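This report refers to the structure that appears directly beneath it.
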Number of protein chains: 2
Amino acid sequence: MSEPGSGQGGTHSGERVCPSNPNVSCGDCRLGDLCLPITLDAGEINQLDEIVKRGRPLKRGDALYRQGEKFTSVFAVRSGSVKSFQTALDGEERVTGLYLPGEILGMGGISSMQYDNTAVALETASVCEIPFHLLEELSVKIPSLQGRFFRLMSQEITKDQKMLTMVSTNTAEERVSALLLSISARNHHRKLSQTCFILPMTRAEIGSYLGLTLETVSRIFSRLQKQGLIKVDNKEITIEELDGLKALAKVSS
Amino acid sequence: MSEPGSGQGGTHSGERVCPSNPNVSCGDCRLGDLCLPITLDAGEINQLDEIVKRGRPLKRGDALYRQGEKFTSVFAVRSGSVKSFQTALDGEERVTGLYLPGEILGMGGISSMQYDNTAVALETASVCEIPFHLLEELSVKIPSLQGRFFRLMSQEITKDQKMLTMVSTNTAEERVSALLLSISARNHHRKLSQTCFILPMTRAEIGSYLGLTLETVSRIFSRLQKQGLIKVDNKEITIEELDGLKALAKVSS
DNA sequence: TGGCTTTATTGATTTAGGTCATGGCAGCAC
DNA sequence: GTGCTGCCATGACCTAAATCAATAAAGCCA
């Protein structure tokens with residue numbers, strides 16, 4: 001019953017089901033307490049459910065939306081991971097965000113009515129698409145949904161400003177440590193291991209995200225490993241000394 | 001009738017009045033077409049007006065709110081200018097935003113219920129305070145206000161991401177040029193000179209905002225002046241070659 | 001299985017911008 | 001006026017990270 005791509009909708013069973021299954025409703029999705037529905041009651045979740053579109057899983061490299069396209073929807077990551085990036089005038093890509101299950105993206109497009117970056121799946125991923133005009137209408141009817149969405153956007157603002165502060169003041173070592181800790185904390189929040197995980201991005205993508213070159217990222221990984229703080233096996237990171245890494249990262253969280 | 005600090009409220013005259021006058025209603029404020037009220041009709045603006053608190057003008061250095069304080073309101077700059085900054089663990093201040101008349105700040109505090117940065121006036125300034133819980137209630141009643149606020153927050157997200165991209169990829173010269181152009185464009189939008197203006201920040205604040213040292217900012221100003229692109233007289237900047245500066249800044253706007 | 005492409009590591013060298021230091025100048029109090 | 005204090009300019013030097021380069025390892029597919 002919880003295999004991806006099983007049968008019909010209406011999966012109102014006792015156990016919550018696999019989030020990669022496209023037929024899971026918001027009420028049954030095990031991400032409910034991270035995603036939009038938080039603060040909504042059962043009836044409201046059903047209304048939200050009606051406007052959410054759950055597409056086929058995406059393959060690595062598939063785009064959710066592209067920079068410059070007409071803005072229509074925001075997206076919630078259900079499984080897998082997604083990066084967003086801006087394409088500069090010279091064609092260079094600059095990674096602006098990494099989105100894990102339960103996180104919402106695409107909100108930068110609301111004001112200008114077109115997406116301000118491109119979002120692509122970093123691995124096989126499933127996402128929920130929420131048409132924004134419907135979300136807006138529903139938010140008028142459900143004040144707590146409006147509030148939830150205000151809070152989500154505010155969170156994005158806070159996150160971006162933290163990132164900005166970090167990129168413009170911290171050393172390469174601090175930035176890399178902070179990213180590892182951020183992924184660790186988000187995994188922990190999703191009840192996954194906070195000490196061992198697979199990096200969804202290449203060294204080049206991490207560098208682009210942190211304002212570093214891929215060589216520097218690689219060197220920092222090696223250095224942190226030499227110091228015994230982490231273990232690196234290609235994309236698999238094991239944090240050996242969580243507190244040591246936190247001390248290095250010098251971030252408040 | 002348009003002197004700051006004149007008499008009573010109810011200034012419904014034909015001509016729009018000076019925005020530093022604390023008794024001007026949203027409908028009469030000449031910033032109406034930049035600020036929150038855009039897209040609202042007359043009746044709606046009156047409702048918005050009821051919840052907006054217009055305080056005494058602030059002096060240079062006065063705080064609108066402080067990092068860590070309980071979040072209560074968002075603020076609109078009416079006249080003067082405001083900076084926001086985050087205080088790091090070591091007590092260092094990092095400037096995260098510059099807000100000119102018509103611009104809204106404080107939205108980062110919504111999600112965590114406390115302000116995520118400190119905002120202080122850079123010069124004599126007047127601001128409107130909008131208690132957020134009242135704005136939220138009103139937004140349910142006035143869908144176009146909800147929409148306007150969604151757009152404002154989205155704008156902040158887009159702005160921050162652009163800033164992030166810039167700080168992590170562009171050279172010192174490009175960053176300084178881009179900031180000058182940003183101020184120029186915002187002045188132009190307010191029907192002020194786009195080629196001559198007073199910088200509201202010190203070299204140190206500009207550096208902090210752009211992820212540079214004050215020495216570098218100073219050197220870049222000198223260099224741009226030597227190239228004939230701008231004229232610098234202490235805080236007064238005159239852009240001599242707008243197109244040349246744009247070419248240097250390498251930004252899309 | 002081998003050949004191809006993408007990704008990662010590590011070393012040598014360069015450079016943009018930081019750091020340190022000095023002097024000038026504007027604004028303000030008295 | 002004189003002396004302070006904060007801000008700015010500019011020079012000398014240094015360093016973190018970029019760039020250039022070569023090699024190795026992983027993933028892919030035919």
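First the proteins, then the strands, lettered A, B, ... as listed; each starts at 1. From a predicted model like this one, the values you see are computed outputs, not experimental measurements.
- For A/Ile198 and D/dG27, the CD1 to P distance is 10 Å, given to the nearest whole Å.
- Under a 3.5 Å cut-off, the side chain of B/Arg175 and the backbone N or O of B/Leu210 do form a donor-acceptor pair.
- In this structure, A/Tyr115 and A/Tyr65 have parallel ring planes: the angle between them is below the 30° cut-off, well short of the 60° mark.
- Counted by atom type alone, A/Thr87 and A/Glu93 present zero donor-acceptor pairs between their side chains at under 3.5 Å.
- We find that CG of B/Asp233 is positioned 17 Å from P of D/dC7, with the value rounded to whole Å.
- In this structure, A/Leu224 atom CG and C/dT9 atom P are separated by 12 Å, rounded to whole Å.
- A/Glu92 places its CD atom 10 Å from the P atom of D/dT19, with the value rounded to the nearest Å.
- Contacts between residues 208-223 of chain A and DNA chain D, defined by a heavy-atom separation under 4.0 Å, are made by A/Gly211, A/Leu212, A/Thr213, A/Glu215, A/Thr216, A/Arg219.
- Rounded to an integer number of Å, the gap from CD of A/Glu123 to P of D/dG27 is 14 Å.
- Rounded to an integer number of Å, the gap from CG of A/Asn170 to P of C/dG18 is 14 Å.
- With salt bridges taken as basic N to acidic carboxylate O contacts below 4.0 Å, none links A/Lys59 and A/Glu123.
- Atom-to-atom, NZ of A/Lys235 to P of D/dA25 comes out at 17 Å; the value is rounded to the nearest Å.
- Following rounding to the nearest Å, B/Asn234 (CG) and D/dA9 (P) show an atom-to-atom distance of 7 Å.
- Distance alone, capped at 3.5 Å, places no donor-acceptor pair between the A/Ser84 side chain and the A/Ala119 backbone.
- Side-chain nitrogen and oxygen atoms of B/Arg203 include at least one within less than 4.0 Å of the OP1 or OP2 phosphate oxygen of D/dC8.
- Here A/Glu215 does not pair with A/Arg203 in a salt bridge; the nearest charged N to carboxylate O distance is not below 4.0 Å.
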